[in-house]
Chemist: 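Can you keep this structure in mind? I'll have questions shortly.
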There are 2 protein chains.
Amino acid sequence: MSLALKNHIEKIVSLTDEEFKYVLSFFTKKKLQKHQFLIASGAPVQTDHFVLKGLLKATYTNDEGKQHILQFAMEDWWVTDYQAYFLQTNATLNIDCLENSEVLCLTLENREKLCRELQKIEHFFRIKTSMGFVAQQQRILSLLNKDAKGRYNQLLEQYPQLLQRVPKTILAAYLGVTRETLSRL
Amino acid sequence: MSLALKNHIEKIVSLTDEEFKYVLSFFTKKKLQKHQFLIASGAPVQTDHFVLKGLLKATYTNDEGKQHILQFAMEDWWVTDYQAYFLQTNATLNIDCLENSEVLCLTLENREKLCRELQKIEHFFRIKTSMGFVAQQQRILSLLNKDAKGRYNQLLEQYPQLLQRVPKTILAAYLGVTRETLSRL
DNA sequence: TTGTAAATGTGATATACATCACAATAAATA
DNA sequence: TATTTATTGTGATGTATATCACATTTACAA
């Protein structure tokens with residue numbers, strides 16, 4: 001249900017039913033299977049995505065083939081290759097599904113049109129992005145400050161659900177350690 | 001000169017002289033000496049800051065007394081303890097001056113008022129924050145991906161000016177290595 | 001100028017984590 | 001169900017970086 005999006009937006013601004021209907025008309029729904037790619041490195045990035053259902057991961061693979069996870073995205077989260085999306089360049093990230101998923105897609109053009117026409121939505125995205133910015137600062141501090149164990153414990157505290165849904169191999173790639181190290185706790 | 005702020009904003013939206021005059025009326029100017037604190041850990045965070053002149057660092061000090069640098073801020077950059085600013089809680093960061101500095105201060109109340117009254121400004125902050133978000137994702141990838149040398153080289157490439165203005169001891173705290181390691185390149 | 005503090009370089013050693021290797025389960029798929 | 005493929009644990013060893021210690025240089029202040 002796209003009610004999820006309405007509830008999500010209304011945590012920041014309230015919308016009439018007509019307004020929300022209008023907002024929703026700018027999105028398209030997409031269903032993906034586990035292991036399917038939402039964004040493939042090298043390809044243009046058309047859309048940002050609000051996750052209705054499922055779980056995805058955004059990863060960067062370096063020259064030596066080592067994969068690092070920039071973010072997870074589950075229900076009510078947004079995910080895309082933001083650098084490529086905002087600058088309209090090709091993706092450097094891969095985003096794929098850890099579970100069957102369902103997302104609402106928003107092109108940059110539609111996002112900007114929506115923000116122009118409904119200041120409430122521009123407000124929503126400004127506040128949302130500010131909160132995302134703060135969350136990322138916390139992640140940076142965590143990487144600077146804490147060792148593997150500390151980062152693992154913090155992740156458990158913040159997102160205990162992830163532990164149930166994601167294999168440890170994958171968690172390790174998010175924490176920036178090898179699966180062996182994580183296995184030894 | 002606060003022309004710097006006008007030019008800065010106009011990279012994203014254009015403002016008439018009257019509009020800019022109005023915008024500027026929401027800011028207050030503050031001058032600081034080298035070593036002076038703009039934000040002190042534990043105290044409330046009243047304002048966000050646009051740097052007119054000088055150089056500052058935002059740091060987090062952990063339980064063992066080790067200091068990590070979350071960001072530098074020089075001319076045309078914005079800096080505050082964003083978590084504390086947006087959530088109106090006490091600072092967990094310290095922000096102090098590496099050089100004599102001059103900043104324009106904007107309270108959260110004024111920021112929100114300005115955004116409400118002038119959509120252009122809400123647009124400006126939305127875009128600005130989105131770019132900041134992207135820059136931080138790059139920093140996270142750099143911390144996950146690169147070793148000390150790689151991160152150092154990237155910093156040199158991105159901000160060669162910093163090298164002239166900041167002692168290596170301090171750069172090390174930004175890169176997440178000890179000064180000894182950085183000294184050995 | 002002289003004295004004190006900050007910044008830098010370098011050695012010796014310790015440690016967290018990576019890497020490689022292999023085995024044991026658990027889960028997905030034919 | 002059987003067969004393959006992913007996930008996890010654990011040992012042995014290597015390596016980047018931390019830590020501690022001390023000397024040298026540079027900046028700042030009395």
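First the proteins, then the strands, lettered A, B, ... as listed; each starts at 1. Predicted model only: the values in this text are computed from it and were never measured.
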Chemist: Is the distance from the ring center of B:Phe124 to that of B:His8 below 6.0 Å?
Modeler: yes
Chemist: Rounding to an integer number of Å, can you tell me how far A:Asn100 CG sits from C:dA28 C1'?
Modeler: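 Rounding to the nearest Å, CG of A:Asn100 and C1' of C:dA28 are 13 Å apart.
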Chemist: Please state how far atom CG in A:Leu163 lies from atom C1' in D:dT7, giving the value in whole angstrom units.
Modeler: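 Atom CG in A:Leu163 sits about 14 Å away from atom C1' in D:dT7.
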Chemist: How about A:Tyr85 and A:Trp78: are their ring centroids closer than 6.0 Å?
Modeler: no
Chemist: Roughly, in whole Å, what's the span from CG in A:Leu144 to C1' in D:dA18?
Modeler: 15 Å
Chemist: Tell me: CD of A:Gln67 to P of D:dA6, nearest whole Å?
Modeler: 13 Å
Chemist: For B:Asp96 and B:His35, which heavy atoms make the closest approach, and how far apart are they?
Modeler: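 Heavy atoms only, the tightest pair is CB-O, 4.4 Å.
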Chemist: Starting from C1' on C:dA5, measure out to NE2 on B:His35 and report it in whole angstrom.
Modeler: 11 Å
Chemist: Below 3.5 Å between N/O atoms, which protein atoms pair up with nucleotides 25-30 of chain D? Just atom names and distances, please.
Modeler:
none

Chemist: Which heavy-atom pair separates B:Met74 from B:Arg165 by the least distance, and what is that distance?
Modeler: SD-NH1, 3.8 Å
Chemist: Please determine whether a side-chain nitrogen or oxygen atom of A:Thr169 lies at a distance below 4.0 Å from atom OP1 or OP2 of D:dT8.
Modeler: yes
Chemist: Roughly how many Å is it from CG in A:Leu171 to P in D:dG9, rounded to a whole number?
Modeler: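 These atoms are roughly 12 Å apart.
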Chemist: Measure from CD on B:Glu64 to C1' on D:dT19 and round the result to the nearest Å.
Modeler: 13 Å
Chemist: Any ion pair linking A:Lys34 and A:Glu99 (charged N to carboxylate O, less than 4.0 Å)?
Modeler: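 The answer is no: the pair does not qualify as a salt bridge.
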Chemist: Identify all pairs in which a protein N or O lies below 3.5 Å from an N or O of nucleotides 10-18 of chain C, and state each distance.
Modeler:
from	atom 1	to	atom 2	distance (Å)
C:dG11	N7	B:Arg184	NH1	2.9
C:dG11	O6	B:Arg184	NH2	3.2
C:dA12	N6	B:Arg184	NH2	3.4
C:dC17	OP1	A:Ala148	N	2.9
C:dA18	OP1	A:Thr178	N	3.4
C:dA18	OP2	A:Thr178	N	3.1
C:dA18	OP2	A:Thr178	OG1	2.9
C:dA18	OP2	A:Thr181	OG1	2.5

Chemist: Regarding A:Arg126 and B:Glu112, does a basic nitrogen lie under 4.0 Å from an acidic carboxylate oxygen?
Modeler: yes
Chemist: Which atom pairs, one a donor and one an acceptor, fall under 3.5 Å between side chains of residues 41-52 of chain B and the rest of the protein, sequence neighbours left out?
Modeler:
from	atom 1	to	atom 2	distance (Å)
B:Thr47	OG1	B:His49	NE2	2.7
B:Asp48	OD1	B:Tyr82	OH	2.8
B:Asp48	OD2	B:Tyr82	OH	3.4
B:Asp48	OD2	B:Arg111	NH1	3.1
B:His49	ND1	B:Thr47	O	3.4
B:His49	ND1	B:Val79	O	2.8
B:His49	NE2	B:Thr47	O	3.4

Chemist: Do B:Lys120 and B:Glu10 sit within salt-bridge range, that is, some charged N less than 4.0 Å from a carboxylate O?
Modeler: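 So B:Lys120 does not pair with B:Glu10 through a salt bridge.
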Chemist: Tell me the interatomic distance from B:Tyr152, atom OH, to C:dT8, atom C1', rounded to whole angstroms.
Modeler: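 These atoms are roughly 12 Å apart.
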Chemist: Is it true that the side chains of B:Gln83 and A:Gln137 contain a donor and an acceptor less than 3.5 Å apart?
Modeler: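 No - no donor-acceptor pair under 3.5 Å links their side chains.
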